[in-house]
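Here the structure comes first, spelled out in structure tokens, and everything after it is commentary.
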Amino acid sequence: MADDPFFFFCSKDSFLIKAPKKSPLALRMVVLVFAMVCGVYICSICLKQIGNRTNPGFLSVEVIARPCPEPTIEPWEIPYVHYPKPVTYSRVECKCNPVRYFAILSMQRSGSGWFETLLNNHTNISSNGEIFSVKVRRSNVSTITETLDKIYNLDWLSSASKNECAAAVGLKWMLNQGVMQHHEEIVEYFKTRGVSAIFLFRRNMLRRMISILANSYDREVKPLNGTHKSHVHSPREAEILAKYKPLINTTLLISNLKQVEDTTAKALEYFKSTRHIILYYEDVVKNHTKLLDVQDFLKVPQRGLKSRQVKIHKGSLSNYVENWDEVQKSLKGTHYENLLTGDYRK
């Protein structure tokens, strides 16, 4: 067999005729590239289908925050306890501190400014001032409710704001600043949002009238170094402002006093269904336990409250009215006669 010339030829030249093998590494690279292209194509189709689905289902993960523990309160208090979620900041560790809403309803020169400084002296109370003195905020019911929403959501910033950890938040609201005009809508808002009303009136309406006239004079003349000040913080400033003696129109005196009485009565009637407390400036001045009643009403810890404001008109009213004899004559024999005497007489 070794001598077979055919066998010899084939065995000798076989490695020269047979095609060489391809490199295994090159084949593997080709397969890998093909697999990668197919994988990318398949993934792109899958992602496109997922993106077109109207309900992504498993892709939507909702994180449920742990609810705040229920405070230990009476059932009737539940509508008045709130947990605001401001949009402008986070209450952080105070987010579970319950907050109560209030509004101080009053009339100009009834001691509301002094009263509000007392409330703001409390570490847990924020009363944001006379917000609706700006007319555009009370132009209609919508602007009123939008402003109230911002205040009670703790998104209103003022010098009195203690928003993060406030336990009671509110404002000072004069009755002639849209309260009486839109009383039905405001009462409904108070009920829906759980807002409590603090009524603050002045028993001696004559003294209030004198304060209004003196404040108007100060606004025009500005005797305190060209600056108008509705409230002062020093005896010297009070003395300067008290020098002015207004002239009271005795022809309209009775009707003006009656108008104040009627407005007060209407306000109490309109808001009788609202949770409220009624205070008088003179009573708060004489009896400091009234401030404890207010703190209990707002459900905040009792504190001793102070104000830096100084009273302007002290003592007998005869010292502060230019035509005092005419005023006396006009009120003698009427049920307003008691307004002539006493500083804080009821």
Side-chain angles (χ1 to χ4, degrees), residues 68 71 73 77-106 110-134 137-138 143-175 177-179 186 189-190 192-200 230-231 233 271 274-277 279 281 284 288 290-309:
C68 295
I73 59 175
E77 293 184 79
I78 294 176
Y80 303 100
V81 175
H82 312 279
Y83 297 92
K85 296 179 180 179
V87 297
T88 54
Y89 64 93
S90 173
R91 294 187 73 202
V92 211
E93 72 275 5
C94 297
K95 65 181 180 180
C96 285
N97 285 18
V99 180
R100 288 170 170 82
Y101 303 155
F102 69 89
I104 304 169
L105 303 182
S106 186
S110 295
S112 59
W114 168 75
F115 178 74
E116 189 177 44
T117 61
L118 290 170
L119 293 189
N120 281 324
N121 188 240
H122 198 291
T123 55
N124 301 119
I125 301 177
S126 288
S127 190
N128 292 283
E130 201 171 321
I131 302 299
F132 291 106
S133 62
V134 179
R137 296 173 186 160
R138 64 175 194 262
T143 57
I144 289 175
T145 55
E146 287 173 6
T147 302
L148 291 175
D149 284 345
K150 191 172 183 179
I151 293 170
Y152 294 131
N153 201 47
L154 303 185
D155 281 311
W156 192 274
L157 299 180
S158 73
S159 59
S161 298
K162 310 179 187 73
N163 287 346
E164 287 82 356
C165 293
V169 63
L171 72 156
K172 183 175 65 169
W173 201 350
M174 301 296 103
L175 297 182
Q177 294 174 350
V179 176
I186 295 171
Y189 180 94
F190 280 12
T192 303
R193 295 298 305 272
V195 180
S196 300
I198 301 175
F199 286 102
L200 179 67
S230 296
H231 309 98
H233 299 97
F271 287 85
T274 302
R275 180 177 181 262
H276 65 273
I277 184 174
L279 301 172
Y281 169 74
V284 178
H288 289 178
K290 292 294 182 181
L291 292 176
L292 299 180
D293 295 340
V294 175
Q295 294 176 69
D296 288 341
F297 179 75
L298 295 177
K299 303 298 181 182
V300 296
Q302 290 188 356
R303 300 283 187 271
L305 306 180
K306 298 179 181 180
S307 172
R308 293 178 53 241
Q309 287 191 15

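What you see below is based on every heavy atom in this structure, not just the backbone, and it leaves out hydrogens, waters and symmetry mates.
Qualifying side chain to side chain donor-acceptor pair (under 3.5 Å) partners for S133, counting only residues two or more places apart in sequence or in other chains: none. Every side chain to side chain contact (heavy atoms under 4.5 Å, CB included) that R308 has, sequence neighbours left out, goes to H233. Partners of E146 by side chain to side chain donor-acceptor pair (under 3.5 Å), not counting sequence neighbours: none found. The side chain to side chain contact (heavy atoms under 4.5 Å, CB included) search around Y189 returns T145, L148, D149, Y152, R193, V195, not counting sequence neighbours. Shown here are the side chain to side chain donor-acceptor pair (under 3.5 Å) partners of R138, two or more places apart in sequence or in another chain: there are none. Every residue meeting the ring-ring contact (aromatic ring centres under 6.0 Å, His included) condition with H82, not counting sequence neighbours, appears here in chain and number order: Y101.
Counting heavy atoms from C-beta on, the side chains of V81 and R100 come closer than 4.5 Å. At a threshold of 4.5 Å between non-hydrogen side-chain atoms, the residues V284 and V294 do not count as touching. The shortest distance between side-chain heavy atoms of E130 and S112 does not fall below 4.5 Å. Counting heavy atoms from C-beta on, the side chains of I131 and K150 never come closer than 4.5 Å. In this structure, P301 and H122 have side chains that are in contact, with non-hydrogen atoms separated by less than 4.5 Å. In this structure, H276 and S196 have side chains that are not in contact, with every pair of non-hydrogen atoms separated by 4.5 Å or more.
Heavy-atom minimum distance, S106 versus L200: OG-O, 2.7 Å. Closest non-hydrogen pair, T117 versus S307, comes out as OG1-OG, 2.7 Å. Annotation for M174 and V179: closest pair O-CG2, 3.5 Å, computed over non-hydrogen atoms. The two atoms that bring F190 and A103 nearest to each other are CZ-CB, 3.9 Å, heavy atoms only. The shortest non-hydrogen separation linking P86 to D155 is CB-OD1, 3.4 Å. In this structure, P84 and V99 approach most closely via the heavy-atom pair CD-CG2, 3.8 Å.
The aromatic rings of W173 and F132 sit parallel, their planes meeting at an angle under 30°, below the 60° perpendicular limit.
Here the side chain of N97 pairs no donor or acceptor atom with the backbone of C165 at under 3.5 angstrom. Not one N or O on the side chain of S127 forms a donor-acceptor pair closer than 3.5 Å with the backbone of E116.
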Legend entry - side chain to side chain contact (heavy atoms under 4.5 Å, CB included) evaluation trace for W156 with V169: CA-CA 10 Å; W156 192 274; V169 63; over 6 Å; no

Inset, instruction - Take L279 and F115 through the side chain to side chain contact (heavy atoms under 4.5 Å, CB included) test and state the conclusion after the steps. - result: CA-CA 10 Å; L279 301 172; F115 178 74; 3.7 Å; yes

Inset, instruction - Determine, stepwise, if the pair L305 / Q295 fulfils side chain to side chain contact (heavy atoms under 4.5 Å, CB included). - result: CA-CA 10 Å; L305 306 180; Q295 294 176 69; 3.7 Å; yes

Inset, instruction - Test side chain to side chain contact (heavy atoms under 4.5 Å, CB included) on L298 and N124 and set out the steps. - result: CA-CA 10 Å; L298 295 177; N124 301 119; over 6 Å; no

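Residue L157 holds its CG atom at 11.5 Å from CD1 of I151, rounded to the nearest 0.5 Å. To the nearest 0.5 angstrom, I104 atom CD1 is 10.0 Å from N128 atom CG. Atom CD1 of I198 sits about 6.0 Å away from atom CG of L119, to the nearest 0.5 Å. Going from atom CG of N153 over to atom NZ of K85 covers 10.0 Å, rounded to the nearest 0.5 Å. In this structure, CD in Q302 is found 4.5 Å from CG in L292, a value given to the nearest 0.5 Å.
Counting non-hydrogen atoms of neighbouring residues, nucleotides and ligands closer than 6.0 angstrom, the NZ atom of K299 exceeds 12 such neighbours.
F102 does not carry R275 over the face of its six-membered ring by the limits of under 6.0 Å from the centre and within 45° of the normal.
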